[in-house]
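This report refers to the structure that appears directly beneath it.
Keep in mind the model is a prediction, meaning the values are calculated, not measured.
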Amino acid sequence: MQPHRGPSFFRRALVASPSKRLPQYASLRSFSSAPPALYKLTPKRPTKVVAPAFKPVKEQLLRNFISEALQNFFEKEKILYSPPPISFSSLASEAEFLAKARELYSVGEEGFLTPAEVFKPVYGKLIREWVVRSLPMKKDKAKVKVFEVGGGSGQIASDFLSSDTSNVAPWLSSYTIIDFSSSLTRKQKEKLGDQPLFSNITSSILEWTAVEKQFSILLLLEVLDNLPHDKVIFAGKDKILETWVVTDSRGECFEQYRPLSDPLIISYLKTVEGTSFYPVSRNWSFSFSSAVSSFMGRRSSEEEEYSTRYGNHVFIPTGYFSLLQVIKKSFPNHKLLISDFNYLPSPVPGVGAPIVSRISGGKNVDSSSYLEQPGESDIFFPTDFRLVQHLYSKVVGRDLLQRSNFEFFESYLPNIGVDPTLIQNTTTRDGYNPLLTFYNNVSFAFSP
C-alpha cells in the first residue's frame, strides 16, 4: 500500500527510482554511473540499546512496535499526494520528465507519490490487463473477486474500474480494498463511493479470518515493504537473540536483545533452515552501504568497524511469513500479484534494514533509527524476491514467477497479449518511457 525512497525521490526511485517520493537526482537505483556526490556514506548512530534510565511502561517485540508505529503513521491525513495525470506526449525527453517529477514533488510537499499516481491511469489499467489474462479458461462463466491489500488513495482501483472497462463487468463480482488505515479507507470511499463493484474494509490483512472460497485475485502492490519485520542477532555459535523495544515513562524507546523464544521467529527460521535464505551472520559489506562505498573508494576505518559491529543484526520478514498463513487459510483458490522494492539504500544498521522517512517542509528526511518519534515516519523494507518465492512455495505450496519492473512491462505483459500501445502511453516524444525504467529497483512476483 505504500510508497518509496533512496537519496529519495518518489517513494524510492533509483536511477531508475523506487517509489514513495520523487527522486531528486535522476535515478539512483541502477547505478549506471556513480551515485551523486551528495549521497555520501556516513556511519550512522547505533540503535539505543542501553537499559532505560526510567521505569519501562511498555515492552514489545520489534514487529509489534513497527506495526503500531505504521498504524499511527498511516492515519495521518497527508501521507499520499494525488496530482493531475501527466501528459507524457507533451514531454520532450527524460530530462523534461524528471523536471516534471520534481515539480510534482514540490507541490505535494506533504505526501508521498506512488507509481500508480505517477503513471495514472495507465498503471491501474495494466494491472487490470494482467488480471484479465489470469482468469480461469472459461472466463465467460467465471465470477472473480479482486482483493487489493493496502489500496492507498484508491487510484489503482479507480483506474481498474474505469468507465472504459467494457470487459470487466461480465466476469468481476467485486473489487474490495483491505486497508488498516481508516484515514485511507475514507479517501478511497470519496474516490470510488459511487462505483457499484467497489467496497473497502478497514482491517489489517494479518488479522483477516474470513474464508473466501470463490476464485480470487490478490493484489499486493507496495505492501510487503510496510509489513512488520523482526530482527535477530547472531551473538555466537548457536546463540540467537530476538529484538524487543522497551518504552520508558518519558516515552523514550530502547532496544533490548533477549534469548530467542518467540514462536513465529522460530517457525520462520525453521522454514528457511538449510537454505541460502537462512539469515546466518553476515558482514555488513553485503549491504547497500558497501555498494555505494565501492563507487566512492574504500570504506573508512569507522565504517569497517560499524560493519563488523552490526553485520550480525539481520531483519527477517515475519510479517510476510504471517501473511502467507492468512492467504493459505482464507484464499484457497487465488492468484497473486506482488510488486515492491527489491533494493533500498538504508542508513539504518543491519542486514535488510528499512528506510525510516518522513516529509518535512517539502523535503524527505531520513532517520538512522526507527525508535525516534514512532508514528511520525514511514518505515519500509527492501524485499528479497527470491525469498518471497521460496516462502510462498513452502507455506502455500505453489510457485510464483518473478520479473523486474522493466521485464514485467516491456516483455511479459505484451507476451501474454496486453496491447503494447497501452504501455506506450507513458512515452515522451523522444521515445523515453519512464514506466519501464524510472522505478528500476522494483520487481514483480506473480502466479503463473
Side-chain angles (χ1 to χ4, degrees), residues 1 63 127 130-139 142-150 171 173-174 176 178 203-230 232 262-280 314-342 352 381-404 407-408 412 415-416 443-448:
M1 155 176 103
R63 66 172 180 270
I127 297 302
W130 176 85
V131 170
V132 169
R133 286 155 183 81
S134 299
L135 300 179
M137 292 299 292
K138 296 181 179 179
K139 59 184 178 183
K143 277 294 184 179
V144 179
K145 292 186 176 181
V146 173
F147 292 89
E148 182 185 357
V149 178
W171 55 265
S173 292
S174 61
T176 303
I178 304 169
S203 172
S204 167
I205 186 62
L206 299 182
E207 297 172 359
W208 191 264
T209 58
V211 176
E212 180 53 65
K213 295 182 180 180
Q214 186 172 331
F215 179 74
S216 303
I217 297 287
L218 303 181
L219 303 178
L220 279 70
L221 307 175
E222 287 187 55
V223 170
L224 301 194
D225 62 341
N226 282 132
L227 290 180
H229 285 53
D230 280 290
V232 293
D262 176 64
L264 181 61
I265 297 177
I266 292 172
S267 179
Y268 171 85
L269 293 176
K270 286 182 177 179
T271 301
V272 298
E273 189 173 13
T275 73
S276 61
F277 303 110
Y278 190 79
V280 294
V314 182
F315 292 87
I316 58 175
T318 42
Y320 172 63
F321 187 59
S322 296
L323 172 59
L324 291 179
Q325 325 285 335
V326 173
I327 290 175
K328 182 178 181 179
K329 294 176 182 177
S330 294
F331 301 95
N333 187 19
H334 75 274
K335 285 198 173 184
L336 175 66
L337 177 66
I338 296 171
S339 175
D340 230 308
F341 300 104
N342 56 49
F381 293 81
T383 297
D384 181 338
F385 275 79
R386 293 186 309 117
L387 177 57
V388 164
Q389 291 174 294
H390 175 78
L391 291 176
Y392 185 81
S393 174
K394 286 291 185 181
V395 176
V396 181
R398 305 181 197 174
D399 294 329
L400 290 176
L401 302 178
Q402 178 193 341
R403 296 291 188 276
S404 69
E407 293 168 335
F408 184 75
Y412 182 78
N415 286 344
I416 62 173
S443 291
F444 285 82
F446 48 93
S447 302

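Considering every non-hydrogen atom in both E212 and P332, the closest pair reads O-CD, 3.4 Å. The minimum heavy-atom distance between L387 and F277, with the atom names listed, is N-CE2, 3.5 Å. H390 and T271 make their closest contact through NE2-O, 3.8 Å (heavy atoms, listed as atom of the first residue, atom of the second, distance). Across every non-hydrogen atom of R63 and I265, the tightest pair is NH1-CG1, 3.9 Å. Closest heavy-atom contact between L391 and P317: CD1-CG, 4.5 Å. In terms of heavy-atom proximity, V395 sits nearest to K328 at O-CD, 3.1 Å.
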Side chain to side chain contact (heavy atoms under 4.5 Å, CB included) for K335 and F215? Distances and angles first, verdict last. CA-CA 8 Å; K335 285 198 173 184; F215 179 74; 3.9 Å; yes
Trace of the side chain to side chain contact (heavy atoms under 4.5 Å, CB included) decision for L336 with V396: CA-CA 11 Å; L336 175 66; V396 181; over 6 Å; no
Check against side chain to side chain contact (heavy atoms under 4.5 Å, CB included), L337 and I217: CA-CA 8 Å; L337 177 66; I217 297 287; 5.8 Å; no
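A distance of 9.0 Å separates CG in L220 from CD in E148, rounded to the nearest 0.5 Å. Annotation: the span from T176 atom OG1 to L219 atom CG amounts to 11.0 Å, rounded to 0.5 Å. Separating the CG atom in L401 from the CD1 atom in I338 is a distance of 11.5 Å, to the nearest 0.5 Å. Residue W208 holds its CH2 atom at 4.0 Å from CD1 of I178, rounded to the nearest 0.5 Å. For the atom pair CG (L269) and CZ (F321), the distance works out to 9.0 Å, reported to the nearest 0.5 Å. Remark: I316 CD1 to L264 CG distance equals 7.5 Å, nearest 0.5 Å.
The backbone N or O of A210 lies less than 3.5 Å from a partner atom in the side chain of S330, making a donor-acceptor pair. With hydrogens and angles ignored, the 3.5 Å screen pairs no side-chain donor or acceptor of K329 with any backbone N or O of V211. Here the side chain of S204 pairs a donor or acceptor atom with the backbone of L206 at under 3.5 angstrom. The backbone N or O of L400 lies less than 3.5 Å from a partner atom in the side chain of Q389, making a donor-acceptor pair. At least one donor-acceptor pair closer than 3.5 Å links the side chain of Y320 to the backbone N or O of V388. Side chain of D340 to backbone of L224: a donor-acceptor contact under 3.5 angstrom is found. Looking at S134, its side chain does come within 3.5 Å of a backbone N or O of W130 through a donor-acceptor pair. Listed for the S216 side chain is a donor-acceptor partner under 3.5 Å among the backbone atoms of Q214. With S339 contributing its side chain and F444 its backbone, the two residues share no donor-acceptor pair below 3.5 Å.
Taking the six-membered ring where the residue is Trp, the centroids of F147 and F331 are separated by under 6.0 Å.
Ring orientation note: the planes of Y392 and H334 are nearly perpendicular, at an angle over 60° on the 30°/60° scale. The aromatic rings of F381 and H229 lie parallel to each other, with less than 30° between the two planes, well short of the 60° mark.
Looking only at side-chain heavy atoms (C-beta outward), S443 and T383 stay at 4.5 Å or farther from each other.
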